[in-house]
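Reviewing the structure listed below.
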Amino acid sequence: MEATQELLLTNIKRIRKEKGMSQKDVAGKADMLVPTYSRLERGGTVPGLASIVKIAKALEVSVVELFQTSEIKDRSIAQKLEMINELSEYNKNVVSIMLDSMIEKDRVEKLQQVKMKTRLAELEKARKQ
């Protein structure tokens with residue numbers, strides 16, 4: 001079995017068990033027959049992209065999480081930043097854009113919360129008058 005497929009199947013099984021789900025539960029949510037899902041989880045068949053997406057949704061995780069090694073998942077942010085520095089320039093730029101977007105999104109959400117709190121306070125004050 002290819003290493004990537006082995007990682008995928010190991011993660012699917014691990015996540016399913018962590019969530020306390022049976023193979024029947026996942027198969028039902030993924031719109032698959034139980035024997036098909038069982039065979040897939042055991043490595044008896046190679047899942048296609050559509051099946052991987054359905055399984056990720058059934059497990060309520062991202063497709064990326066199904067392919068993550070535990071060594072990457074368990075790294076600290078400082079270690080991840082070091083790894084980013086080793087990426088190609090193109091991939092560094094992609095990560096930078098993603099981070100900028102997330103930071104801006106968080107800033108906008110916080111600003112929105114402050115505005116809403118201010119408006120609610122003004123409404124409360126107007127109601128008391």
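Because the structure is a prediction, the values reported are computed rather than measured.
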**Request:** Identify, with sequence neighbours excluded, every residue that meets side-chain hydrogen bond (donor to acceptor under 3.5 Å, both in side chains) alongside Q112.
**Result:** none
**Prompt:** Any donor-acceptor pair under 3.5 Å linking the side chain of T10 with the backbone of E6?
**Reply:** yes
**Asked** Is E124 salt-bridged to R127, cutoff N-O under 4.0 Å?
**Response** yes
**Message:** Tell me the closest heavy-atom pair linking M21 and A58, and the distance in Å.
**Reply:** CE-O, 3.6 Å
**Request:** Indicate, with yes or no, if L66 and V46 share a hydrophobic cluster defined by side-chain heavy-atom contacts under 4.5 Å among Ile, Leu, Val, Met, Phe, Trp and Tyr.
**Result:** no
**Prompt:** Are V53 and L40 co-members of a hydrophobic cluster defined by side-chain heavy atoms under 4.5 Å apart?
**Reply:** yes
**Request:** Assess whether atom NZ of K92 is packed by more than 12 heavy atoms of other residues, nucleotides or ligands within 6.0 Å.
**Result:** yes
**Message:** Using every non-hydrogen atom in the two residues, find where L7 and Q68 come nearest and quote the distance to one decimal.
**Reply:** CD1-O, 3.8 Å
**Message:** Is any side-chain heavy atom of F67 closer than 4.5 Å to one of N11?
**Reply:** no
**Message:** Any heavy-atom pair between the side chains of E41 and L9 that's under 4.5 Å?
**Reply:** no
**Message:** So, taking the atom named NZ in K105 and the one named NZ in K110, what distance separates them when rounded to the nearest 0.5 Å?
**Reply:** 11.0 Å
**Request:** Indicate yes or no: at least one non-hydrogen side-chain atom of Y37 is less than 4.5 angstrom from one of R16.
**Result:** yes
**Prompt:** Under a 4.5 Å side-chain heavy-atom rule over Ile, Leu, Val, Met, Phe, Trp and Tyr, are L59 and V34 clustered together?
**Reply:** no
**Asked** Is atom NZ of K57 surrounded by more than 12 heavy atoms (other residues, nucleotides or ligands) closer than 6.0 Å?
**Response** no
**Request:** Treating Ile, Leu, Val, Met, Phe, Trp and Tyr as nodes and any side-chain heavy-atom pair under 4.5 angstrom as an edge, say whether I103 and M98 lie in one connected cluster.
**Result:** no
**Asked** Taking the side chain as C-beta and beyond, is there a heavy-atom pair between V94 and L87 under 4.5 Å?
**Response** no
**Asked** Do any N or O atoms from the side chain of T118 and from the backbone of V114 form a donor-acceptor pair under 3.5 angstrom?
**Response** yes
**Asked** Do I97 and V64 belong to the same hydrophobic cluster, where Ile, Leu, Val, Met, Phe, Trp and Tyr are linked whenever their side-chain heavy atoms lie under 4.5 Å apart, directly or via other members?
**Response** no
**Request:** Give a yes-or-no answer on whether the side chains of R42 and S38 include a donor-acceptor pair shorter than 3.5 Å.
**Result:** yes
**Asked** Does the pair R107 and E104 meet the rule for a salt bridge (Lys or Arg N to Asp or Glu O under 4.0 Å), with working shown?
**Response** CA-CA 5 Å; R107 188 188 68 75; E104 181 64 16; 2.6 Å; yes
**Request:** Any salt bridge (charged side-chain N to carboxylate O under 4.0 Å, His left out) involving residues 21-38? Give me the pairs, sequence neighbours left out, ordered by first then second residue.
**Result:** none
**Asked** Quick one: OG on S88 to CG on N93, what's the gap to the nearest 0.5 Å?
**Response** 8.5 Å
